[in-house]
Amino acid sequence: QVQLVESGGGLVQAGGSLRLSCAASVRTFNRYLMGWFRQAPGKEREFVAAIGLLGFTTNYAESVKGRFTISRDNAKNMVYLQMNSLEPEDTAVYYCAADGTLGRTPQTMGVSGPDYWGQGTQVTVSS
């Protein structure tokens with residue numbers, strides 16, 4: 001069983017930055033591909049970013065490339081999402097997710113893949 005707890009969401013003006021954190025309570029954290037997803041009101045949940053087991057490989061949705069950076073600290077069981085140049089379109093509930101599927105990579109992580117989800121943290125970007 002893996003428990004994920006997100007933090008760091010809030011209200012920010014367009015062009016601003018936020019850093020989301022996700023704490024994982026699991027002994028084998030480095031066996032899980034980690035990702036961030038988001039869901040805006042009235043829309044389906046969508047992939048944002050993913051990071052490989054050791055943090056060397058990453059993948060991003062086209063809409064956030066160059067603005068968001070995912071990272072992980074396996075010693076602390078933490079994953080982060082640094083969000084810069086935020087836009088009103090980034091407004092959503094952001095979810096941390098863990099995927100333990102053998103062979104899955106950041107490039108193949110999708111909404112149906114993760115085994116565990118956090119409760120979400122709200123990010124609101126005002127124009």
Residue pair T28 / R31, side-chain donor-acceptor N/O under 3.5 Å: no
Nearest non-hydrogen partners of A97 and M109, listed with the distance: O-CE, 4.0 Å
Main-chain N/O of G52 paired with R72 side-chain donor or acceptor, under 3.5 Å: yes
Y95 with V2, same ILVMFWY side-chain cluster at under 4.5 Å: no
Other residues, nucleotides, ligands: >12 heavy atoms within 6.0 Å of Q13 CD: no
Nearest non-hydrogen partners of S85 and R67, listed with the distance: O-NH1, 3.0 Å
I51 vs Y60, side chain to side chain contact (heavy atoms under 4.5 Å, CB included): CA-CA, chis, key distance, verdict: CA-CA 9 Å; I51 188 165; Y60 297 91; over 6 Å; no
Minimum-distance pair of heavy atoms, taken over all atoms of A61 and F47: CB-O, 3.5 Å
Side-chain donor or acceptor of T91 paired with backbone N/O of V125 under 3.5 Å: yes
Trace of the side chain to side chain contact (heavy atoms under 4.5 Å, CB included) decision for F68 with D90: CA-CA 11 Å; F68 290 11; D90 295 317; 3.9 Å; yes
Over 12 foreign heavy atoms within 6.0 Å of CD, Q3: no
Connected via hydrophobic side-chain network under 4.5 Å: W117 and V93: yes
Full working for side chain to side chain contact (heavy atoms under 4.5 Å, CB included) between W36 and C96: CA-CA 5 Å; W36 288 94; C96 176; 4.0 Å; yes
Residue list, side-chain contact (heavy atoms from CB on, under 4.5 Å) with K43, at least two apart or on another chain: A40
Reported CG-to-CG distance for the pair N74 and L54, which is rounded to 0.5 angstrom: 6.5 Å
Within one Ile-Leu-Val-Met-Phe-Trp-Tyr cluster: M34 and L18, side-chain cutoff 4.5 Å: yes
Cluster overlap I70 with F29, hydrophobic side-chain contacts below 4.5 Å: yes
N/O donor-acceptor pair under 3.5 Å between E6 side chain and A23 backbone: no
Polar side-chain atom of Q119 near backbone of V5 as donor-acceptor pair, under 3.5 Å: no
Close side-chain approach of V123 to R38, heavy-atom, < 4.5 Å: no
Joint hydrophobic cluster, L20 plus V79, side-chain heavy atoms closer than 4.5 Å: yes
Set of side-chain contact (heavy atoms from CB on, under 4.5 Å) partners for Q82, sequence neighbours left out: S17, R19, T69, N84
